[in-house]
Amino acid sequence: MKRLGIPVWVFLAASLAVCLSIFSIAKRHRVEAHNKAVCIAAEFETIESMSVSQGLTVDKGIENLKAAGLRGVVLSEETVGDLIGQSRAAFTTLQFGSERTTSLPQLIFTDPQTLARVEKALQIRFRTAMRQSSARGLVLTLPQISPILVRALAIGLNPTQVAIARRSKLAIIARCANPVGASASTVRDTLTWIHDDGAIAFLPVGDQVLGRRESIKTTTKVLHSLGLFYASPEFTKIGGDQNVLEDAKDIVIRLHSAQAAELDKLAATDAVERYGKAARERNMRILLVRPLSFAAERPLASFADFVKNIHLMILREGGDVGLPRPFTEPGIPKLFFPVLGLALAAVVWWAASLFTANRVIRLAGAAFLVLLGVACYVKTGQQAMAFLASCAFPVIAFDMLDRWRPKNVIAGFAVVSLISVCGGLAVAGMLNGLGYYVRADEFRAVKLSVFLPILVVGFMYFRSLVDWRHSLRSPITWGAAATAFILVAGLAVMIARTGNDSGVGVSGGETLMRNLLDRILFVRPRTKEFLIGHPFLVVGIGYLSTLKRGDSTGSNLGGWVAVMLMIGAMGQSDVVNTLTHLHIPVMLSLVRIGEGWVLGGIIGYIAWTVVTWIGTARLKPTETINA
């Protein structure tokens with residue numbers, strides 16, 4: 001690896017990139033700070049069931065829940081099957097013809113308003129219906145439609161529920177499905193119907209968004225024209241959700257909910273924290289709250305206490321409870337990103353030049369990076385440059401560490417961490433926009449940006465501190481094999497658990513530790529940083545300062561130092577990764593990094609003190625004998 005002196009222009013380019021990134025992040029923080037209102041909502045059926053079970057009217061139940069912090073209600077479409085179950089409609093058959101061999105299905109209603117709703121729904125869904133009167137009451141004669149389809153026919157929101165919600169001044173969130181065969185006109189008329197009923201937001205139900213696939217453009221267009229918000233549910237895979245996020249970012253409000261089976265596994269305090277953290281840590285602006293317990297002496301009072309505790313946690317952590325609204329664009333000029341890209345291009349070029357002395361390769365790399373910097377005008381270029389920056393800064397940090405080899409381990413740890421934070425700021429500054437706030441856009445190279453710097457740092461130090469040619473010729477020892485196995489296994493687990501949709505859960509012990517940290521700290525730091533990466537880095541820096549520069553005689557100590565610094569690089573790449581979670585408030589991410597740095601530094605310094613004391617204690621008998 002070619003060792004060059006660090007030119008002044010590298011520091012100037014890095015400083016410019018950091019300043020520009022801070023400007024961009026300040027814009028993002030302003031958007032986040034101006035949208036703190038969280039809407040706590042519940043399903044109407046839940047409120048009704050618990051109110052009646054406690055001997056209260058629905059209006060009184062809503063009044064109690066509003067005092068606890070409820071601000072919205074979720075209403076689902078009724079169906080003809082619901083009417084039949086409530087004895088408000090019934091099927092019959094009209095027989096006609098000379099021998100009465102021909103028949104048409106009919107629906108008999110108890111009131112004209114319900115008949116009118118069904119007739120409107122038939123017009124929206126099937127574009128046909130006939131109305132007749134008879135001695136038996138109000139009758140709607142249907143075309144040749146299967147009774148199964150008629151029973152499943154959505155007939156809009158329940159008027160009684162709508163009236164109660166509007167009377168109580170609750171925000172109405174309408175939940176609509178995507179029926180098989182829905183046309184663009186069905187989409188348009190369905191959304192118009194819920195808007196006329198007073199809904200402020202549309203929430204998809206089932207496996208698909210209304211209009212998926214061919215009519216999804218109609219969905220976003222109608223939502224915009226009507227002024228309806230789109231409630232995007234977290235942790236769900238709904239067909240068409242991503243399409244709406246990409247096409248209608250400005251009307252998206254993210255929603256968090258928990259199923260009854262999930263809540264049943266949580267203690268009361270953990271369930272409250274789940275909702276509170278969703279609002280604070282992931283910018284959820286609608287919390288769909290379900291009962292923590294189905295059985296209680298006073299069900300509604302128990303549910304109201306649950307809502308109140310969530311409300312208080314939101315207020316305690318700097319949020320507010322009210323009507324939800326979407327986030328807005330940060331207002332960053334498009335030309336800002338190429339300027340930032342060119343500043344980062346210089347930093348990335350320097351990091352890459354550490355590994356080659358070939359003039360042609362360096363010139364070609366410089367030309368490529370300049371073009372990529374200009375390409376940061378578009379999203380693809382921004383993603384590519386953000387990835388390169390996320391790798392370059394940690395690599396530069398460890399290169400500077402090897403040049404410096406500080407005697408003060410905390411000073412070295414602080415400098416390395418500061419450079420890594422600059423890399424995270426560069427990514428956050430580059431990937432800034434409304435699409436990232438609502439997760440329509442994401443940093444695509446999360447896993448690679450975490451693990452590539454670890455491998456590069458490992459390569460750097462093994463080459464610098466170990467006679468690798470001699471090591472390759474030597475027999476493999478059990479210790480070396482065990483170390484390699486542990487490293488590979490650890491990296492494999494990290495790969496599986498890294499990313500926005502990790503498929504690997506946490507153990508029971510780690511869950512307990514996380515819950516404890518959540519309670520005693522402002523925000524829980526990341527385990528890989530404060531418990532693994534940072535302590536190993538501090539100890540590695542301590543040992544690095546004891547090695548003679550240029551001494552790679554194959555001693556065991558050099559190899560172990562390389563291993564410790566490689567593990568320490570896990571914490572630094574994770575520092576960068578923390579700031580690439582772009583849907584999380586940026587100030588919260590910075591606090592999380594700071595807490596992890598302090599805790600990890602303390603643990604590492606204690607470990608280094610213990611290791612130093614043990615080493616000194618072992619040397620004392622030898623010194624006495626020699627004397």
Side-chain angles (χ1 to χ4, degrees), residues 10 12-32 246 249 283 327-352 365-366 368-397 418-450 452-453 499-500 572-590 593:
V10 173
L12 294 176
S15 300
L16 176 61
V18 171
C19 291
L20 292 174
S21 298
I22 291 173
F23 167 80
S24 174
I25 290 170
K27 292 279 190 179
R28 169 180 161 185
H29 175 63
R30 182 179 301 177
V31 171
E32 294 171 341
E246 292 173 356
K249 304 178 186 69
N283 279 330
F327 287 96
T328 59
E329 288 284 2
I332 300 174
K334 290 284 289 183
L335 287 176
F336 166 87
F337 296 103
V339 175
L340 175 57
L342 289 171
L344 290 175
V347 179
V348 172
W349 181 88
W350 169 252
F368 169 76
L369 289 169
V370 168
L371 292 176
L372 183 58
V374 175
C376 288
Y377 188 82
V378 298
K379 191 177 299 181
T380 303
Q382 294 165 14
Q383 288 272 345
M385 185 59 77
F387 164 67
L388 294 177
S390 70
C391 298
F393 276 88
V395 169
I396 290 176
L418 179 61
I419 297 173
S420 297
V421 169
C422 291
L425 293 175
V427 175
M430 178 64 76
L431 304 181
N432 191 2
L434 179 57
Y436 294 104
Y437 309 159
V438 299
R439 292 194 73 174
D441 300 315
E442 294 180 293
F443 182 39
R444 303 299 180 187
V446 172
K447 290 183 183 292
L448 192 57
S449 68
V450 168
L452 187 57
N500 296 314
Q572 298 306 304
S573 66
D574 211 55
V575 165
V576 178
N577 179 252
T578 297
L579 285 164
T580 66
H581 289 69
L582 304 166
H583 59 288
I584 295 176
V586 64
M587 296 308 296
L588 199 71
S589 294
L590 290 172
I593 290 171

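Residues take their numbers from the sequence shown, with the count starting at 1.
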- [ ] Would you check, one step at a time, whether the test side-chain contact (heavy atoms from CB on, under 4.5 Å) holds for Phe393 with Cys422?
- [x] CA-CA 7 Å; Phe393 276 88; Cys422 291; 3.9 Å; yes
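- Side-chain contact check for Trp349 versus Val370: every heavy-atom pair is 4.5 Å or farther apart.
- Interatomic distance, CD of Glu246 versus CZ of Arg439, reported as 13.5 Å (0.5 Å rounding).
- At least one side-chain heavy atom of Val446 sits under 4.5 Å from a side-chain heavy atom of Phe443.
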Could you list the donor-acceptor pairs under 3.5 angstrom formed between side-chain atoms of residues 424-434 and any protein atom two or more places apart in sequence or on another chain?
unit_1	atom_1	unit_2	atom_2	d
Asn432	OD1	Tyr437	OH	2.6
Asn432	ND2	Ser24	O	2.8
Asn432	ND2	Ser24	OG	2.8

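- The side-chain contact (heavy atoms from CB on, under 4.5 Å) check on Leu20 picks up Leu16, Phe336, Val339, Leu340, with sequence neighbours excluded.
- A donor-acceptor pair under 3.5 Å links the side-chain atoms of Gln383 to the main chain of Glu442, judged by distance alone.
- Shown here is Arg30, whose CZ atom has no more than 12 heavy atoms of other residues, nucleotides or ligands within 6.0 Å.
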Open item on the list: Test side-chain contact (heavy atoms from CB on, under 4.5 Å) on Ile332 and Phe337; report intermediate values, then the result.
Closed with: CA-CA 9 Å; Ile332 300 174; Phe337 296 103; 3.9 Å; yes
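- Minimum interatomic distance between Pro453 and Leu448 (heavy atoms only, all atoms of both residues): CD-O, 4.0 Å.
- How far CD1 of Ile593 is from OG of Ser420: 9.5 Å, rounded to the nearest 0.5 Å.
- Nearest heavy-atom pair across Thr580 and Asn577 is OG1-O, 2.6 Å.
- Screening residues 334-349 for salt bridge (charged side-chain N to carboxylate O under 4.0 Å, His left out) gives no qualifying pairs among residues at least two apart or on separate chains.
- Here the shortest heavy-atom pairing between Pro585 and Asn283 reads CG-OD1, 3.5 Å.
- Within the 4.5 Å cutoff, the side chain of Glu32 has heavy atoms near those of the Val586 side chain.
- At a threshold of 4.5 Å between non-hydrogen side-chain atoms, the residues Val576 and Pro394 count as touching.
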TODO: Test side-chain contact (heavy atoms from CB on, under 4.5 Å) on Gln572 and Ile419 and set out the steps.
DONE: CA-CA 9 Å; Gln572 298 306 304; Ile419 297 173; over 6 Å; no
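- Residues Leu369 and Leu342 have side chains not in contact (no heavy-atom distance under 4.5 Å, counting atoms from C-beta outward).
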Task: Criterion side-chain contact (heavy atoms from CB on, under 4.5 Å) on Ile396 and Val347, from CA distance to verdict - done: CA-CA 9 Å; Ile396 290 176; Val347 179; 3.5 Å; yes
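- A salt bridge (charged side-chain N to carboxylate O under 4.0 Å, His left out) check over residues 379-390, counting only residues at least two apart or in different chains, returns the pairs Lys379-Asp441.
- In this structure, the side-chain hydrogen bond (donor to acceptor under 3.5 Å, both in side chains) partners of Thr578, at least two apart in sequence or on a different chain, are Arg526, Glu529.
- For Glu329, there are no side-chain hydrogen bond (donor to acceptor under 3.5 Å, both in side chains) partners at least two apart in sequence or on another chain.
- Between Phe387 and Leu452 there is a side-chain heavy-atom pair separated by less than 4.5 Å.
- Closest approach of Cys376 to Met385, counting heavy atoms only: SG-CB, 3.6 Å.
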